[in-house]
Amino acid sequence: MAHLTRMQDLVRAALDAYNHLLLLGRHSAGPQLDAATAEANDLWRARQAHSFPDSLWGRPAAADLTDWPGLPYALLFLEREARYPEEWTRGAKSWGTKQRLIRDLAAARLDARTRAKLVELIGIVVARPYRCKDREFVRLARSVDGEDLRRGIAAAAAFDSPWARIHAGYLEWMLDHPDTPNSRRVWRTWLATDRA
């Protein structure tokens, strides 16, 4: 966390310097200012590449995620949010990045190792209270559906936690009905239905 905080401070400082030069450029022009602005932009981009969530924004299209060197960091970003939600919220919170990343992973061609990591991640998410954009995990579960995922969902359905049982039941139902949209309306309807 200390390293992340330092990197985020460096990103902010580089962005401030870049914005300052952009503002100066509006009032005066010249090759020296253009070169300094380009250099400040390069520094800002370089620092972004080493900080969460900024480093996840320039990723390739979903089809190419498996070959992307940043994939382990993307998975770590999602795992940190799942396992340590308060810490993640303080240090690297970006709901839009979480949502887009889950959607991209759901559309990606995945190798066995990445798929296994995502099955594990879905198991963690199902067992905890709902957090912003968690509904996106239904999309991801549909893309990695299999016996191992179903076993994890069944295990969560047996937990003492009422939320885990409800979440697991909904996810299982959504997997059994793959053409059903994953919307708030569907969620509310499912909750109101007698599932005894």
Side-chain angles (χ1 to χ4, degrees), residues 4 52-53 55-89 91-184 186-191 193 195:
L4 177 60
F52 276 151
S55 60
L56 303 176
W57 296 340
R59 63 184 175 275
D64 300 324
L65 279 181
T66 302
D67 301 326
W68 177 46
L71 181 60
Y73 301 102
L75 296 173
L76 177 62
F77 176 80
L78 292 174
E79 184 177 0
R80 298 286 297 173
E81 191 273 337
R83 290 186 189 274
Y84 309 103
E86 292 83 16
E87 180 182 290
W88 181 88
T89 300
K93 179 179 92 170
S94 178
W95 301 118
T97 302
K98 173 185 172 180
Q99 178 181 34
R100 188 76 245 159
L101 190 54
I102 293 169
R103 288 181 178 188
D104 286 352
L105 286 166
R109 58 177 175 19
L110 302 170
D111 59 27
R113 188 172 168 196
T114 303
R115 185 193 166 281
K117 187 67 178 170
L118 293 173
V119 166
E120 176 188 346
L121 181 62
I122 292 166
I124 295 167
V125 171
V126 168
R128 71 170 189 191
Y130 179 87
R131 286 179 50 86
C132 187
K133 306 299 182 187
D134 275 357
R135 203 173 70 239
E136 295 296 331
F137 280 99
V138 170
R139 180 187 314 257
L140 190 57
R142 284 175 167 169
S143 73
V144 298
D145 193 9
E147 287 182 32
D148 52 349
L149 178 66
R150 298 290 182 130
R151 278 192 306 273
I153 294 169
F159 286 174
D160 288 338
S161 164
W163 175 252
R165 290 193 306 269
I166 290 170
H167 199 174
Y170 178 71
L171 184 55
E172 184 177 43
W173 187 84
M174 290 300 286
L175 291 173
D176 290 342
H177 299 86
D179 295 331
T180 303
N182 182 30
S183 65
R184 286 186 184 136
V186 169
W187 164 248
R188 288 184 192 123
T189 302
W190 182 85
L191 279 176
T193 303
R195 295 175 306 280

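For the single chain, residues carry numbers from 1 onward in sequence order.
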Inset, instruction - List in chain and number order the residues that pass salt bridge (charged side-chain N to carboxylate O under 4.0 Å, His left out) with R135, two or more places apart in sequence or in another chain; answer none if no residue qualifies. - result: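 Per chain and number, R135 pairs via salt bridge (charged side-chain N to carboxylate O under 4.0 Å, His left out) with no residue.
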
Non-hydrogen side-chain atoms of [X] and [Y] separated by less than 4.5 Å:
X	Y	result
W95	Q99	no
E136	L101	no
W190	I166	yes
W173	V138	no

Legend entry - Residue pairs, two or more places apart or on separate chains, that pass salt bridge (charged side-chain N to carboxylate O under 4.0 Å, His left out) and touch residues 158-181: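 Matches after skipping sequence neighbours: R150-D176.
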
Inset, instruction - Any salt bridge (charged side-chain N to carboxylate O under 4.0 Å, His left out) involving residues 120-131? Give me the pairs, sequence neighbours left out, ordered by first then second residue. - result: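 Non-adjacent pairs meeting salt bridge (charged side-chain N to carboxylate O under 4.0 Å, His left out): E81-R128, E81-R131, R83-E120, K117-E120, R128-D134.
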
If you compare all heavy atoms of [X] against all heavy atoms of [Y], which two are closest, and at what distance to 0.1 Å?
X	Y	result
A141	L171	CB-CD1, 3.6 Å
P85	T89	O-OG1, 2.7 Å
A127	A164	CA-CB, 3.9 Å
L105	S143	O-OG, 4.5 Å
L78	K98	CD2-CG, 4.0 Å

Legend entry - Point-to-point distance, once rounded to the nearest 0.5 Å, from OG1 of T180 to CG of L175: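 Spacing of OG1 (T180) from CG (L175) equals 11.0 Å.
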
Inset, instruction - To the nearest 0.5 angstrom, please state how far the CD atom of E79 sits from the CD1 atom of I124. - result: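 The CD1 atom of I124 is 5.5 Å from CD of E79, to the nearest 0.5 Å.
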
Legend entry - Those residues that, when tested against K133, pass side chain to side chain donor-acceptor pair (under 3.5 Å) (two or more places apart):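 K133: no side chain to side chain donor-acceptor pair (under 3.5 Å) contacts found.
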
Legend entry - Residue pairs involving residues 115-169 (criterion ring pair (Phe, Tyr, Trp, His ring centres under 6.0 Å); sequence neighbours excluded):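 Pairs touching residues 115-169 that pass the test: W163-H167, W163-W187.
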
Legend entry - Residue list, side chain to side chain contact (heavy atoms under 4.5 Å, CB included) with T114, at least two apart or on another chain: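 Per chain and number, T114 pairs via side chain to side chain contact (heavy atoms under 4.5 Å, CB included) with L71, L75, L110, D111, L118.
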
